[in-house]
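Here's the structure we're looking at; comments come further down.
When reading the values below, keep in mind they use all heavy atoms of this one structure, side chains included, and skip hydrogens, waters and symmetry mates.
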Amino acid sequence: MIEVDRVIAQRLDSGVPLVGEVAKYIISAGGKRLRPVLLLLTCGALGFKGTQRHNLAAVVEFIHTATLLHDDVVDESTLRRGRPTANERFGNPASVLVGDFLYSRAFQMMVDAQSMRVMQILADATNVIAEGEVLQLMNMHDASLDEDGYLKVIRSKTAKLFEASARLGAVVANSPVEIEQACADYGQALGTAFQVIDDVLDYDGNAAEMGKNLGDDLREGKATLPLILAMQRGDAAQRQTVREAIETGSVDRLIDIVTIVRTTGALEATRDAAAAEAQRAINAAMQLPDNPYRNAMLVLASQLLNRRT
Ligand code: GRG
């Protein structure tokens with residue numbers, strides 16, 4: 001990971017000062033670097049030690065960072081990683097354009113891998129992520145969204161990059177197709193569990209610990225799993241309260257909504273859904289050779305449920 005950070009710092013270089021300023025602001029802000037970790041762990045589990053692993057790990061972090069820059073503009077978010085978002089600090093145009101810089105720099109870097117398969121995986125993943133965001137936009141303020149509709153969005157917008165990161169480890173290690181599939185399944189399940197917990201934390205987290213504002217999803221009228229399950233489990237009055245909040249995007253009754261997702265057991269049921277995905281990730285990782293890297297993948301999946309940031 002130290003080497004990945006070195007590659008990241010080196011590849012942020014640009015003759016345009018604002019690019020470096022905004023890119024460094026967001027990329028050195030203490031993100032968890034989960035996607036690079038995933039890529040390095042699958043490389044390790046499958047015995048690949050080439051330098052391309054650091055380059056590709058930096059690529060997935062750049063793509064992730066580009067999506068964050070764009071997402072915070074789209075969502076009008078003001079706080080990320082415990083400090084003002086780049087859009088809050090530098091404005092929307094600088095955020096969008098530096099996101100474009102990072103995204104296109106990632107494509108320059110992936111060419112270095114000299115593999116059409118690597119290009120294909122990353123091109124497909126970024127396309128699916130963008131599609132997921134558009135789908136989410138179409139679903140805003142739709143209180144009739146069901147679990148399947150919710151799952152389709154999060155598999156695209158979040159789990160796809162986890163899936164691609166884990167799959168790339170198998171691809172550069174020249175693994176057989178069933179091992180590549182096991183890595184992809186692990187990444188997809190882990191990424192899904194990760195987003196489900198993210199959606200729990202919007203109602204159950206601690207803003208200071210999380211480094212972002214609570215209730216943001218409701219403010220945007222996002223029907224996430226805690227709300228979908230609360231509507232299924234609540235009485236008519238509770239259902240009406242949640243429905244109205246989604247349709248209007250009003251956070252006036254945020255306290256009531258938090259009470260409803262707790263008392264109906266929706267929050268617990270959402271955590272159970274994340275646990276089921278984490279178990280699916282564990283089952284997939286069990287198909288990889290037994291070594292410390294594979295075992296770290298198991299630990300990651302089981303500890304993810306306790307994430308608070
Ligand atoms: C530029 C390819 C491209 C697409 C733009 C806006 C957009 C389309 C995609 C946004 C996708 C997105 C931000 C999904 C949410 C994923 C998520 C939960 C991010 C938070 O990830 P963490 O917690 O972040 O790993 P850190 O801060 O640890 O790096």
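Across all non-hydrogen atoms, the minimal contact from Asn139 to Gly149 is ND2-O, 4.4 Å. Of all heavy-atom pairs spanning Ala45 and Arg294, the tightest one is CB-N, 4.0 Å. Taking all atoms of both residues into account, the shortest heavy-atom contact from Ala230 to Ala266 is N-CB, 3.4 Å. Closest heavy-atom contact between Ala285 and Leu298: CB-CD2, 3.6 Å. Pairing each heavy atom of Thr158 with each of Gly191, the nearest pair is CG2-O, 3.9 Å. Across all their heavy atoms, Val153 and Gly132 have their closest contact at CG1-O, 4.0 Å.
Under the 3.5 Å distance criterion, the side-chain polar atoms of Asp142 are left unmatched by any main-chain donor or acceptor of Ala223. Without hydrogens or angle criteria, Ser302 side chain to Val299 main chain gives a donor-acceptor distance under 3.5 Å. Thr85 places no side-chain N or O within 3.5 Å of a backbone atom of Asp72 that could act as its donor or acceptor partner. Judged by distance alone, the side chain of Ser175 and the main-chain N or O of Val171 form no donor-acceptor pair under 3.5 Å. Gln238 places a side-chain N or O within 3.5 Å of a backbone atom of Asp235 that can act as its donor or acceptor partner. Although no hydrogens or angles enter the test, the distance criterion places a donor-acceptor pair under 3.5 Å between the side chain of Ser95 and the main chain of Asn87. Side-chain atoms of Arg53 come within 3.5 Å of backbone N or O of Lys49 as a donor-acceptor pair.
Between Thr224 and Tyr203, the closest side-chain pair of non-hydrogen atoms falls below 4.5 Å. Annotation: side chain of Tyr103 is not in contact with side chain of Leu69 (no heavy-atom distance under 4.5 Å). Ile179 has its side chain within reach of Leu288: a pair of non-hydrogen atoms, C-beta onward, lies under 4.5 Å apart. Side-chain atoms of Val59 and Leu39, non-hydrogen and from C-beta on, never get closer than 4.5 Å to each other. Annotation: side chain of Glu3 is not in contact with side chain of Leu40 (no heavy-atom distance under 4.5 Å). At least one side-chain heavy atom of Thr42 sits under 4.5 Å from a side-chain heavy atom of Met297. Between Thr264 and Gln232 there is no side-chain heavy-atom pair separated by less than 4.5 Å. Taking 4.5 Å as the limit, every side-chain heavy atom of Asp199 sits out of range of all side-chain heavy atoms of Leu225.
In the model, Asn55 has a side-chain atom that pairs as donor or acceptor with a side-chain atom of Gln52 under 3.5 Å. With 3.5 Å as the limit, one finds no donor-acceptor pair spanning the side chains of Arg11 and Gln108.
Distance check, rounded to the nearest 0.5 Å: CG of Leu201 to CD of Gln195 gives 10.0 Å. With rounding to the nearest 0.5 angstrom, the CZ atom of Arg167 is 11.0 Å from the CG atom of Leu122. Atom-to-atom distance recorded for Arg80:CZ and Ile26:CD1 is 6.0 Å, nearest 0.5 angstrom. Atom NZ of Lys222 is separated from atom CE of Met140 by 5.0 Å, given to the nearest 0.5 angstrom. Rounded to the nearest 0.5 angstrom, Asn283 CG and Tyr186 OH are separated by 12.0 Å. The CE atom of Met110 sits 9.0 Å away from the CG atom of Leu168 when rounded to the nearest 0.5 Å.
Arg83 forms a cation-pi arrangement with Tyr25, by the criterion of a distance under 6.0 Å to the ring centre and an angle within 45° of the ring axis. The cationic atom of Arg307 (NZ for Lys, CZ for Arg) lies less than 6.0 Å from the six-membered ring centre of Phe194 and within 45° of the ring axis.
Linking Ile, Leu, Val, Met, Phe, Trp and Tyr residues whenever their side-chain heavy atoms come within less than 4.5 Å places Val251 and Val258 in a single cluster. Note: the hydrophobic cluster containing Val118 also contains Met109 (ILVMFWY, side chain heavy atoms under 4.5 Å, direct or indirect links). Under the 4.5 Å side-chain heavy-atom criterion for Ile, Leu, Val, Met, Phe, Trp and Tyr, Ile121 and Val111 are members of the same hydrophobic cluster. Placement of Phe90 and Leu79 in two distinct hydrophobic clusters is found when ILVMFWY residues are connected by side-chain heavy-atom separations under 4.5 Å, directly or transitively. Tyr293 and Leu34 end up in the same hydrophobic cluster when Ile, Leu, Val, Met, Phe, Trp and Tyr side chains are linked at under 4.5 Å.
Within a 6.0 Å radius of CE in Met286, other residues, nucleotides and ligands contribute 12 heavy atoms or fewer. Within a 6.0 Å sphere centred on CD of Gln240, other residues, nucleotides and ligands contribute more than 12 heavy atoms.
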ask   = Should Leu145 and Ile246 be marked as a side chain to side chain contact (heavy atoms under 4.5 Å, CB included) after you check the CA-CA gap, both sets of side-chain angles, and the distance that decides it?
value = CA-CA 10 Å; Leu145 188 74; Ile246 294 171; over 6 Å; no
inquiry  = Walk me through whether Val60 and Leu56 qualify under side chain to side chain contact (heavy atoms under 4.5 Å, CB included).
reply    = CA-CA 6 Å; Val60 293; Leu56 291 174; 6.0 Å; no
request  = Please assess Tyr150 against Val196 for the test side chain to side chain contact (heavy atoms under 4.5 Å, CB included), listing each intermediate value before the final yes or no.
outcome  = CA-CA 10 Å; Tyr150 164 79; Val196 172; 3.8 Å; yes
request  = Apply side chain to side chain contact (heavy atoms under 4.5 Å, CB included) to Phe62 and Ile27, showing your working.
outcome  = CA-CA 8 Å; Phe62 276 11; Ile27 220 152; 3.5 Å; yes
query = Could you walk me through whether Arg117 and Glu180 pass the salt bridge (charged side-chain N to carboxylate O under 4.0 Å, His left out) check?
reply = CA-CA 12 Å; Arg117 183 88 182 101; Glu180 182 187 320; 2.6 Å; yes
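One finds a salt bridge joining Arg262 and Asp204 here, because a Lys/Arg side-chain nitrogen approaches an Asp/Glu carboxylate oxygen to under 4.0 Å. Salt bridge absent: Asp146 and Lys152 never bring a charged side-chain N and a carboxylate O closer than 4.0 Å. Ion pairing between a basic and an acidic side chain is recognised when a charged N comes within 4.0 Å of a carboxylate O; Asp75 and Arg219 show no such pairing.
The stretch residues 16-41 participates, sequence neighbours left out, in these salt bridge (charged side-chain N to carboxylate O under 4.0 Å, His left out) pairs: Asp5-Arg33, Arg33-Glu61.
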